[in-house]
Amino acid sequence: MKHSLGFACGLLLVLLALTFWPRPLAQRLATLHADGLRVADVYQRMASDPSPIDVAFIGTSHVMNGIDDRGVEETLARAGIRARVANLGTTWMGRDMHLFLTRKLLAFKKPQLVVVEINEHEPPYGHPMLPYVASASDMFCCRFLTDMNFPKMYMLFLKEQLYGALSTARPSAAAASPSRSWTYGWSPLDRDWDGNMPRERSLGERIQGLIGSKAREAAYELTSDFGKQAIQQIADLLKSNNVRVAFLYLPEYAFASGAESENLQFYGKLGPVLVPPAALVADRRNWADFAHLNRDGALQLVPYMSSAIADLLLGKEAER
Amino acid sequence: MSFASYVYILAFLPATCLGFWLIQRIKLHAALWYLTFASGVFYAYWNPRDLLIAGASVIANYFAAKALLSSKQRPRWLFVGAVAANLLALGYYKYLAFLLGLVSVELASAHSVSLPLGISFFTFTQIAYLADCRAGKIKPEQHVPRDYFLFVSFFPHLIAGPILHHSDVFRQFRGGFRDDRATKIATGIILFSIGLFKKVMIADNLSLIAKPVFSLADGGTSVSSGQAWVGAVAYAMQLYFDFSGYSDMAVASALLIGFRIPFNFDSPYRATSIIEFWRRWHMTLSRFLRDYLYIPLGGNQKGERRRFLNIFTTMLLGGIWHGAGVNFVIWGALHGLFIVVNHFWRDYVVPAMPAAGRSRYLGIPGYILTMACVLLGWVFFRAETVSGAFMLTTRLFWLPQMSFEGSPATTSELSLILAACLIATTLPNSRQVHDHLLSGNLAQHWRIMGMAAGVLFAVAFVAISPDSPFLYFQF
């Protein structure tokens with residue numbers, strides 16, 4: 001018994017120490033997994049680029065590849081609206097990362113409007129790159145008990161904290177400093193969707209497949225609560241900072257031309273919902289693959305996005 | 001599955017222990033078969049094909065031993081045939097490609113087969129058992145399938161030892177494992193934590209220092225003497241912490257179930273002679289080589305020259321057992337030579353010295369010389385090419401070839417190597433901790449020991465990497 005108690009205390013001590021180890025964000029970004037470098041790019045745009053951000057797009061690779069931020073900015077300028085637009089889309093899904101980026105955005109910039117991407121089905125897990133960049137408060141930001149991947153992600157987080165703690169303790173470990181040229185903003189895809197190309201079912205389709213019986217639906221409702229609760233937090237945070245929030249419907253091709261009204265209702269309660277023209281998203285020639293708009297698709301989206309954002313910004317002005 | 005994996009720690013080990021404890025309360029016989037089944041699952045987790053090969057080997061050897069025991073004469077032809085079959089199987093999987101490679105590379109690649117995990121270990125265990133059957137050390141009534149199958153396949157020792165002798169476990173299989181279970185479980189948890197920490201936090205980090213140096217040397221790139229020393233010492237420590245960590249976890253896993261199996265290490269880097277080193281390093285292999293190779297070759301019963309030849313032959317074969325490659329042959333031959341010289345020195349030179357001066361030649365100089373010999377051996381053991389090993393050797397020991405330009409390692413790397421050296425040479429080893437805990441000498445410190453184990457376990461558990469197998473799995 002004495003032994004078990006001692007063992008448990010030792011275990012807990014390490015877990016707590018690692019969880020709350022104050023690891024600088026710069027160091028966390030410097031050791032980011034190669035697949036998540038876009039997160040570091042986006043952070044750099046917010047933290048190191050002195051130019052302001054008036055309108056920010058936050059979302060997945062759908063946003064990253066589909067929103068021509070410079071094009072929208074120029075179109076707005078031609079209409080007499082001066083606003084700096086930033087595409088802060090990052091690869092992969094996970095609302096906890098969007099909450100993380102929103103927090104950082106508010107810490108460094110004073111945006112007027114943040115446009116958050118809508119998922120047709122909120123993924124029932126957090127972003128795979130979050131453990132690399134998160135602090136303890138970021139890891140436990142959302143209703144993590146409903147995140148199916150949380151145990152795995154938490155272990156990854158602890159591992160990163162451990163490596164960070166060890167390298168901090170080593171005198172020769174070089175301080176993390178970015179040594180690469182940062183690329184942020186729109187990342188256009190210059191290819192057309194080859195319809196003959198075999199593909200795996202997309203995440204949305206896989207989740208859609210899960211929803212067949214009432215039991216499955218209930219399980220999904222429970223787990224998707226993680227994402228929805230994070231969205232709610234993002235909206236509340238922005239509103240409490242007097243930043244307008246809007247939601248952009250930009251899901252996979254399979255769902256793009258037929259938005260579910262029930263799904264849109266959830267986002268509609270939190271802010272205006274922007275739905276791109278059906279003719280644009282229903283045209284396969286505008287897609288690079290099953291989930292991402294190509295360059296043509298993104299360019300065709302610019303007039304709609306500019307007009308919608310202008311309305312929102314002017315509406316905000318009118319309110320003032 | 002590896003001991004240092006989440007699936008083993010979180011699922012396999014708890015399920016096996018719990019299942020065994022529950023079943024043995026009802027029926028010991030069923031519990032032992034359950035352990036055999038669990039060992040099969042453990043082994044098949046890597047590659048189900050290997051289970052077929054290992055299973056065929058175990059069943060064939062069981063019947064060979066049964067045939068030996070059923071005859072009063074215990075015929076020599078049967079024993080030789082069974083041993084030859086074992087060696088042929090081992091040779092096919094382990095040495096055929098190497099031997100064909102000496103003739104033609106194309107021939108070798110055409111006949112290369114993947115090595116079943118742990119084949120060297122379970123083959124040697126079974127050869128020893130056959131030898132004991134023939135020598136009359138095992139009674140026919142002791143040879144029952146339940147005990148034999150579990151003895152060979154018992155998962156804590158199956159992949160990389162410790163190499164068990166039937167006397168280590170047969171009595172325990174008949175209920176001798178039931179004593180003092182609480183202390184054994186507590187000791188097992190502490191030992192497992194120590195082993196996991198050794199492997200994940202020390203050995204795996206040392207490998208990051210050693211690997212680049214050996215890669216450069218094997219690739220034909222020259223390294224400085226500083227780099228060679230850093231790489232060689234890092235590897236010496238990596239191998240010790242990796243293999244002794246594995247052995248600690250093996251002993252701990254057995255303890256958690258209730259069984260005691262022998263330790264493999266006893267602080268080998270404290271040895272002041274090469275003979276002593278082999279009494280402390282991979283002790284169950286040394287015991288096997290002594291009992292089943294050195295003594296059958298004649299041991300020390302056929303004159304001094306023959307004794308030295310037997311020692312050399314035993315170590316040479318021990319080297320070849322580790323793997324198919326010229327470097328393993330050189331490593332075995334080197335150790336054979338070192339031990340012969342050590343015996344000659346001990347038996348002929350030391351007695352001729354004045355008693356007062358002996359400590360001068362046997363103390364610190366003996367330690368330095370021993371470690372130099374061990375280090376030289378590890379260079380050949382680790383290097384993948386003969387030329388790489390010779391290049392490193394000259395950088396390490398050959399004065400005209402020594403060069404110390406540039407910094408061989410970062411401060412953190414040197415700190416890690418130094419810490420590993422200090423732990424290996426000054427702290428109590430796992431066997432000592434195990435003995436103290438089981439004897440009750442540390443009973444008043446259970447809480448502190450438990451807490452320390454919890455800290456070691458938590459840190460190592462977090463850092464477990466799926467891409468880091470134990471070094472001795474390749475043998």
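Worth saying up front: this structure is predicted, and the values here are computed from it rather than measured. Scope of the values below: all heavy atoms of this structure, side chains included, with no hydrogens, waters or symmetry mates.
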*Crowded around B:K211 NZ? As in, over 12 foreign heavy atoms under 6.0 Å?*
no

*Please determine, among B:I448, B:I464, B:L456, the option with the most heavy-atom pairs under 4.5 Å with chain A.*
B:I464

_Separation of A:L13 CG from B:M451 CE (nearest 0.5 Å)_ = 6.5 Å

*Tell me, for B:Y6 versus chain A, whether the close heavy atoms (under 4.5 Å) come from the side chain, the backbone, both or neither.*
side chain

*At a heavy-atom separation under 4.5 Å, does A:L18 approach chain B through its side chain, its backbone, both, or neither?*
side chain

*Counting only heavy atoms not in A:K159, do more than 12 sit closer than 6.0 Å to its NZ atom?*
yes

*Between A:G10, A:A17, A:A8, which shows the greatest number of heavy-atom pairs under 4.5 Å with chain B?*
A:G10

*Pick out which of A:M155, A:Q161, A:E160 makes a side chain to side chain contact (heavy atoms under 4.5 Å, CB included) with B:V462.*
A:M155

*Could you point out which residue of A:L162, A:L15, A:L158 forms a side chain to side chain contact (heavy atoms under 4.5 Å, CB included) with B:V459?*
A:L162

